[in-house]
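Worksheet: one structure, shown below.
Count residues from 1 along the sequence.
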Amino acid sequence: MNTKTIGILGVALVALAGITALTLNHRDKSVQSAETHTKLFPNLAASLKDAAKVVVKKKAGEFTLERKGSGWGLAEKNGYAVEAEPVRKLLLALSEMETVEAKTQSKELYSQLGVEDVDGDAAKSALVTVQDGAGKELARLIVGKNYESKNYGGPGQSYVRKPGDAQSWLVKGQLDLKEKGADWLSKKILEVKRERMRTVSIVHPDGQKVEVHRDKPEQTDYTLADVPEGKELKYATIASTLASGLEYVNLEDVQPAGAIDFAKDPGPTATFTCFDGLVVTVRCKEQDGKTYAQYSAAFVEPPAPAGPEPEAPKDAATAKKSPDEVKKEVEELNARLGAWTYEISSYNRSAYWKRMDDLVQDKTPP
């Protein structure tokens with residue numbers, strides 16, 4: 001081996017040693033960086049059971065989620081129930097947030113991350129405060145933008161800053177704060193299956209009445225009463241669509257029962273009568289471009305069947321309820337619905353506003 005070859009090998013060994021050292025140094029820094037990640041609120045996880053209030057403040061306003069027994073309610077809606085699972089996920093995500101990387105301390109750059117003070121003129125941030133039942137603060141955080149990158153596919157990350165602290169952070173975790181308080185509300189008002197329905201009647205303020213009925217639960221289609229001379233159904237099953245008016249009833253918003261005057265310029269009243277004696281009455285009204293409804297329930301002893309009692313269905317969901325079961329259902333519905341006026345969707349509105357002209361057309365010439 002000549003001197004030139006030995007020299008080349010020496011240079012190569014030195015370069016390899018340098019690369020190895022650089023790699024180890026980079027790995028050590030990565031390990032050190034990972035080990036220095038800290039939770040924003042290290043004591044919050046142990047205190048989640050004590051969380052009783054979550055206040056979310058934005059430039060457009062604020063809303064407060066309050067614990068109500070085993071559930072949660074929205075303070076700005078007189079404590080109306082909210083979905084518990086999103087609240088649980090919010091608190092859990094907040095307790096698990098860990099720092100990933102320190103970001104700007106410059107107030108002028110906060111807006112780029114969305115972590116400016118919420119009182120700013122053009123603020124897009126959100127201030128989240130968690131308190132226990134005694135009002136003790138468990139966590140307080142300014143939440144900014146979610147981190148987005150085409151080259152990053154890991155767990156969700158976001159930008160945050162603690163109020164009064166100049167340091168902003170990229171953290172592991174994201175909070176679903178929703179746009180407004182009403183978005184947290186439990187959307188489902190009630191659900192009464194079409195299979196239970198015997199009669200549906202809609203009475204309009206001008207006196208027009210639309211009624212569909214069937215005599216037995218095993219009948220598939222409903223009959224439209226008092227079809228005008230020279231008219232026929234627009235299609236064979238259109239009368240049956242009214243029987244589904246209580247199957248998918250969801251709110252857009254909610255108000256206390258007395259907030260809307262149903263005696264002034266009322267809309268139609270729809271009555272849904274079931275084979276088992278449950279009667280649900282829906283009073284409707286339009287105001288300021290919105291549709292409102294009030295729901296009430298009653299038990300009316302159903303008429304005895306004309307023939308032998310049909311064999312009970314094996315499906316428990318569609319089985320006929322006993323009078324005692326229906327009476328208990330009535331009590332629960334009135335206790336839950338009686339104190340409220342609901343803003344409903346156009347989909348639900350259409351089920352309560354049907355007129356005869358919506359169901360019939362001129363007979364087709366033979």
Side-chain angles (χ1 to χ4, degrees), residues 39-58 60-98 126-143 146 155-156 158 160 171-193 246-257 259 293 295 297 317 328-329 331-345 348:
K39 287 192 174 183
L40 288 180
F41 304 102
N43 300 321
L44 181 57
S47 304
L48 286 183
K49 64 182 184 301
D50 301 321
K53 181 182 292 187
V54 180
V55 182
V56 179
K57 182 178 181 181
K58 299 182 180 182
E62 68 177 69
F63 55 86
T64 303
L65 307 170
E66 295 180 323
R67 190 183 291 275
K68 299 287 185 181
S70 60
W72 290 79
L74 185 62
E76 289 75 14
K77 295 296 179 181
N78 293 71
Y80 192 87
V82 303
E83 298 287 352
E85 184 62 13
V87 182
R88 186 191 71 82
K89 288 183 177 180
L90 169 64
L91 292 172
L92 185 62
L94 192 60
S95 70
E96 294 178 345
M97 274 190 167
E98 292 183 352
L127 175 62
V128 182
T129 305
V130 182
Q131 299 175 342
D132 65 13
K136 177 184 176 182
E137 185 177 289
L138 303 179
R140 189 173 172 86
L141 188 67
I142 297 174
V143 182
N146 290 335
S158 55
V160 302
V171 297
K172 183 179 73 174
Q174 295 178 348
L175 303 182
D176 182 8
L177 299 177
K178 305 189 184 299
E179 188 64 27
K180 55 185 184 297
D183 294 336
W184 292 84
L185 297 174
S186 295
K187 299 300 183 182
K188 184 177 178 179
I189 300 175
L190 79 165
E191 181 181 17
V192 182
K193 292 294 186 181
L246 296 182
E247 281 199 322
Y248 305 101
V249 188
N250 295 323
L251 62 83
E252 298 288 316
D253 206 342
V254 66
Q255 305 283 348
Y295 296 82
K328 182 179 179 181
E329 181 182 14
E331 291 180 2
E332 293 174 348
L333 286 173
N334 287 332
R336 183 166 57 85
L337 306 176
W340 306 101
T341 292
Y342 296 92
E343 180 189 338
I344 58 175
S345 67
N348 293 130

- Item | Stepwise side-chain contact (heavy atoms from CB on, under 4.5 Å) test for Val82 and Phe63 | CA-CA 12 Å; Val82 303; Phe63 55 86; over 6 Å; no

- Task: Test side-chain contact (heavy atoms from CB on, under 4.5 Å) on Tyr295 and Leu333 and set out the steps.
- Result: CA-CA 9 Å; Tyr295 296 82; Leu333 286 173; over 6 Å; no

- Query: Where do Tyr342 and Val249 land on the side-chain contact (heavy atoms from CB on, under 4.5 Å) test, with the steps shown first?
  - Reply: CA-CA 10 Å; Tyr342 296 92; Val249 188; over 6 Å; no

- Task: Could you walk me through whether Asn250 and Ile189 pass side-chain contact (heavy atoms from CB on, under 4.5 Å), step by step?
- Result: CA-CA 5 Å; Asn250 295 323; Ile189 300 175; 5.7 Å; no

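Taking each heavy atom of Tyr80 and Leu185 in turn, the nearest pair found is CD2-CD2, 3.8 Å. For the pair Glu252 and Ile344, the tightest heavy-atom approach, listed with the atom from each and the gap, is CG-C, 3.7 Å. Nearest heavy-atom pair across Leu177 and Ala126 is CD1-CB, 3.6 Å. Nearest heavy atom pair, residue Gly156 against residue Gln174, reads CA-NE2, 3.6 Å. The shortest non-hydrogen separation linking Gly73 to Lys68 is N-CG, 3.8 Å. Counting all heavy atoms, side chain and backbone alike, Lys178 lies closest to Lys58 at O-NZ, 2.6 Å.
Between Ser95 and the options Leu40, Leu48, Val130, a side-chain contact (heavy atoms from CB on, under 4.5 Å) holds for only Leu48.
The distance from the CE atom of Met97 to the CG atom of Leu175 is 3.5 Å, given to the nearest 0.5 Å. Interatomic distance, CG of Leu251 versus CG of Leu190, reported as 11.0 Å (0.5 Å rounding). In this structure, CG on Leu138 lies 6.5 Å from CG on Leu44, to the nearest 0.5 angstrom. One finds the CG atom of Leu65 at 11.0 Å from the CZ atom of Arg67 (value rounded to the nearest 0.5 Å). Interatomic distance, Asn348 CG to Glu343 CD, rounded to the nearest 0.5 Å: 11.5 Å. Distance check: Lys187 NZ to Glu83 CD gives 8.5 Å after rounding to the nearest 0.5 Å.
Side-chain contact between Leu90 and Trp184: present, with at least one pair of heavy atoms (C-beta onward) separated by less than 4.5 Å. At a threshold of 4.5 Å between non-hydrogen side-chain atoms, the residues Asp253 and Lys77 count as touching. Between Lys180 and Asp183 the shortest side-chain heavy-atom distance falls below 4.5 Å.
At distances below 3.5 Å, not a single donor-acceptor pair connects side-chain atoms of Thr64 with backbone N or O atoms of Val55. No donor-acceptor pair closer than 3.5 Å links the side chain of Lys136 to the backbone N or O of Gly133. At distances below 3.5 Å, at least one donor-acceptor pair connects side-chain atoms of Thr341 with backbone N or O atoms of Ala257.
Ion pairing between a basic and an acidic side chain is recognised when a charged N comes within 4.0 Å of a carboxylate O; Glu331 and Lys328 show no such pairing.
Within a 6.0 Å radius of CD in Glu191, other residues, nucleotides and ligands contribute more than 12 heavy atoms. Annotation for Lys53: atom NZ does not count as buried by contact number, only 12 or fewer foreign heavy atoms lying within 6.0 Å.
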